[in-house]
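What follows is a short report on a single structure.
Keep in mind it's a predicted model, so treat the numbers as computed, not measured.
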Amino acid sequence: NRLQKRVKGTGLGLPLCRRLAELMGGSVRVQSRLGQGSTFFIRVPLHYQDPNKPTTFETQRQHAHAFSGRALIIDDSDSTRYVLRKLLVDFDVIEAADGLEGLNTALALLPDLIFLDLNMPGLDGYSVLNRLREGQATREVPVIIVTSQPLDAADYDRLQTAQAVLTKQALNNESLRPLLDNVMSARSLA
């Protein structure tokens, strides 16, 4: 198809589809034949469980150390905000769909933690991070970068005031939980 050759995707469609399916208690599988293509199958439960009702895993985790507080997600991707919202069950989650809205929300509400995308229209994540660090009230708020953008050494230098950088492809409970343990424990000691 001509359009497919001109426009490249970000490569996030399938990982996000898998994450969303798993959040709903389902799964994704693939059937592929060399030279013939691939078929992807998604399986989700017929009856969706109430997200406010804890699953067995969430119930076990609630007996362990649970964090509370306010987390701000600044990302123009609806699906990334959805995945983060489902992963941050212990937090009161606030969302902003662009950098300027996110910066204004951070200044007004002073969240305990910020998740920040880099590639957004208008005010990008680098600029938001710089302005947060310049502000007296937001200087110490932990910021976790969540991006699909490939980063080089210069990018990491620009992001050194962030607590961590996660790729959207690796965004899951196993990668996020230890990071939250470290970030929030350090914040409570400060």
Side-chain angles (χ1 to χ4, degrees), residues 3-4 6-24 51-52 67-173 175-177 179-180 182-184 186-187:
L3 179 61
Q4 192 173 16
R6 288 184 305 176
V7 179
K8 300 281 185 187
T10 61
L12 293 176
L14 189 56
L16 286 175
C17 179
R18 189 185 92 224
R19 300 276 189 288
L20 290 172
E22 289 171 351
L23 285 170
M24 293 186 287
N52 296 322
F67 300 109
S68 61
R70 188 178 292 170
L72 171 61
I73 302 168
I74 307 172
D75 197 310
D76 61 333
S77 166
D78 293 335
S79 56
T80 300
R81 290 194 318 269
Y82 176 83
V83 169
L84 277 167
R85 189 171 58 245
K86 292 303 179 186
L87 290 171
L88 296 170
V89 295
D90 300 327
F91 289 85
D92 177 23
V93 176
I94 306 142
E95 299 178 33
D98 64 55
L100 186 57
E101 178 188 356
L103 181 61
N104 290 334
T105 302
L107 294 170
L109 300 178
L110 300 176
D112 299 297
L113 178 63
I114 297 174
F115 290 86
L116 177 62
D117 184 25
L118 293 178
N119 190 12
M120 294 180 287
L123 197 60
D124 68 12
Y126 296 102
S127 300
V128 172
L129 180 63
N130 289 339
R131 290 188 187 181
L132 288 169
R133 293 308 178 231
E134 290 168 357
Q136 183 70 25
T138 56
R139 180 175 293 140
E140 300 298 323
V141 176
V143 176
I144 298 174
I145 304 297
V146 180
T147 186
S148 59
Q149 177 179 316
L151 301 176
D152 59 22
D155 292 312
Y156 283 106
D157 283 345
R158 292 176 68 189
L159 299 171
Q160 32 183 323
T161 61
Q163 273 56 42
V165 177
L166 285 176
T167 65
K168 290 184 180 182
Q169 296 89 335
L171 192 56
N172 59 42
N173 203 32
S175 65
L176 193 58
R177 188 54 39 192
L179 179 59
L180 287 175
N182 289 337
V183 170
M184 297 309 289
R187 183 153 171 82

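What you find for Ile74 and Gly99 is that their closest heavy atoms are CG2-CA, 4.1 Å. Of all non-hydrogen atoms in Gly69 and Asp112, the two that sit nearest each other are CA-OD2, 3.1 Å. When all heavy atoms of Arg70 and Leu109 are compared, the pair lying nearest together is NH1-O, 3.1 Å. Pairing each heavy atom of Arg85 with each of Ile73, the nearest pair is N-CD1, 3.9 Å. When all heavy atoms of Asn119 and Gln149 are compared, the closest pair comes out as CB-OE1, 3.9 Å. For the residue pair Leu116 and Gly125, the shortest heavy atom distance occurs at CD2-O, 3.3 Å.
The backbone N or O of Val141 sits nowhere less than 3.5 Å from a side-chain atom of Thr138 that would complete a donor-acceptor pair.
Listed by chain and number, the residues in a side-chain hydrogen bond (donor to acceptor under 3.5 Å, both in side chains) with Asp124 are Ser127 (sequence neighbours excluded). A search for side-chain hydrogen bond (donor to acceptor under 3.5 Å, both in side chains) contacts involving Asp75 returns Lys168, not counting sequence neighbours. Legend: residues meeting side chain to side chain contact (heavy atoms under 4.5 Å, CB included) with Asn172, ordered by chain and number and at least two apart, are Arg19, Glu174, Ser175. Arg81 is linked by a salt bridge (charged side-chain N to carboxylate O under 4.0 Å, His left out) to Asp78, Glu95, counting only residues two or more places apart in sequence or in another chain.
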Donor-acceptor pairs under 3.5 Å, side chain of residues 150-164 to any protein atom, not counting sequence neighbours: which ones?
| from | atom 1 | to | atom 2 | distance (Å) |
| --- | --- | --- | --- | --- |
| Asp152 | OD1 | Ala154 | N | 3.1 |
| Asp152 | OD1 | Asp155 | N | 2.9 |
| Asp155 | OD1 | Tyr126 | OH | 2.8 |
| Asp155 | OD2 | Asp152 | N | 3.0 |
| Gln160 | NE2 | Asp157 | O | 3.1 |
| Gln163 | OE1 | Arg133 | NH2 | 3.4 |
| Gln163 | OE1 | Val143 | N | 2.8 |

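We find the CG-CG distance between Leu72 and Leu88 to be 11.0 Å, quoted to the nearest 0.5 Å. Interatomic distance, Leu171 CG to Asn173 CG, rounded to the nearest 0.5 Å: 9.5 Å. Here the CG atom belonging to Leu132 is positioned 4.5 Å from the CD1 atom belonging to Ile114, to the nearest 0.5 angstrom. Residue Leu113 holds its CG atom at 6.5 Å from CG of Leu180, rounded to the nearest 0.5 Å.
Within the structure, salt bridge (charged side-chain N to carboxylate O under 4.0 Å, His left out) pairs that include any residue of residues 97-110 do not occur (at least two apart or interchain).
Evaluated for a side-chain contact (heavy atoms from CB on, under 4.5 Å) with Gln136, the options Arg139, Glu140, Glu134 yield exactly one hit, Arg139.
A heavy-atom distance below 4.5 Å is not found between the side chains of Val93 and Leu84. Residues Leu87 and Phe115 are not in side-chain contact: their nearest non-hydrogen atoms beyond the backbone lie 4.5 Å or more apart.
Atom CZ of Arg131 has 12 or fewer heavy atoms from other residues, nucleotides or ligands within 6.0 Å.
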